[in-house]
Engineer: 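Before I ask anything, let me first share the structure, which is written out below as structure tokens.
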Amino acid sequence: MLIDAHVHLDKYGDLLEEALRQIDTERIFTVATAMDVPSYLELQKIGERSELVLPTFGIHPRRAAEYADRLPEISRYIEMSPAIGEIGLDFHWVKDTSTYSAQRKVLEYFIAAAAEQNKFVNLHTKAGEKEILHLLEKYDVRRAIIHWYSGPRDILHAMIDFGCYFTIGVEVLYSDHIKAIAKLIPDHLLLTETDNPGALKWLKKNDEIGMPMAIKKVVEALAELRRSTPGQIEDLVHGNLTSLLANDPALKASVITLFRRPLT
Ligand SMILES: [Zn+2]
């Protein structure tokens, strides 16, 4: 089974039907990350339509300032959600430095909850890599997916040593920097993502809507880079997500069953 471990399914608009059709026909297990509360509520509805979609609640660093003073209000969504994401820090693309303390406050609240509720986290780390690693260490959150890593090499290695998983996405098709990172991720920590629908548009500065099928291109690129085959990369990543989800107390039985089946 193909794995897309970081997607914004609620952003597909009119193309949602087609996105869900691709997910089901291509058998793409999809971790559908939220940006904020309305996004999570929408994802919960979408999640009811496919057994392959796992909606998860998080507050994106871009939205953190709106929620920093309302944390008790969102705790029920954290409890409801089987995993946490998208959360993180962004000190690179978010230029308004007045939001940085709110970003830190919101992130720590989520990491503490993830530790207490034993849920895996899906992290955006842009220019906050070191702080994020320290937080994972502080709360001993070992089940972490680092999404679209592009930061410093020393922190990458420290995160690998800590046991973080890494999603490689569509930028591996275009960037030598990301290709180099994709080669450094050890086999047992490799995951795949699209971050669609917006990733291609953002990368190529055009109107291209990224569809779930784009995950196949990511798998093919990884196969070429790692001197493997697309089938072997697919099995490897499926096995890695299975390990990440193993004995997860927060996941519903249907998801666990999905990952107990033999590879398909
Ligand atoms: Zn994202």
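Bear in mind the structure is a predicted one, so any value in this text is a computation, not a measurement. Start at 1 and go down the list; that is how both ligands and their atoms are numbered.
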Engineer: Could you work out, with salt bridge (charged side-chain N to carboxylate O under 4.0 Å, His left out) as the rule, every residue matching D69, not counting sequence neighbours?
Structural biologist: K105
Engineer: Using ring-ring contact (aromatic ring centres under 6.0 Å, His included) as the criterion, list what pairs up with Y109, not counting sequence neighbours.
Structural biologist: none
Engineer: Who are the salt bridge (charged side-chain N to carboxylate O under 4.0 Å, His left out) partners of E137, not counting sequence neighbours?
Structural biologist: none
Engineer: Restricting to under 2.8 Å, identify the protein N, O or S atoms around the Zn ion (ligand 1) as residue plus atom.
Structural biologist: H6 NE2, H8 NE2, E86 OE1, D195 OD1
Engineer: Looking at K11, I want to see if its NZ is surrounded by more than 12 non-hydrogen atoms of other residues, nucleotides or ligands under 6.0 Å.
Structural biologist: yes
Engineer: How about D4 and T194: does a side-chain donor come under 3.5 Å of a side-chain acceptor?
Structural biologist: yes
Engineer: Is there a side-chain contact between H6 and W148 (heavy atoms, below 4.5 Å)?
Structural biologist: no
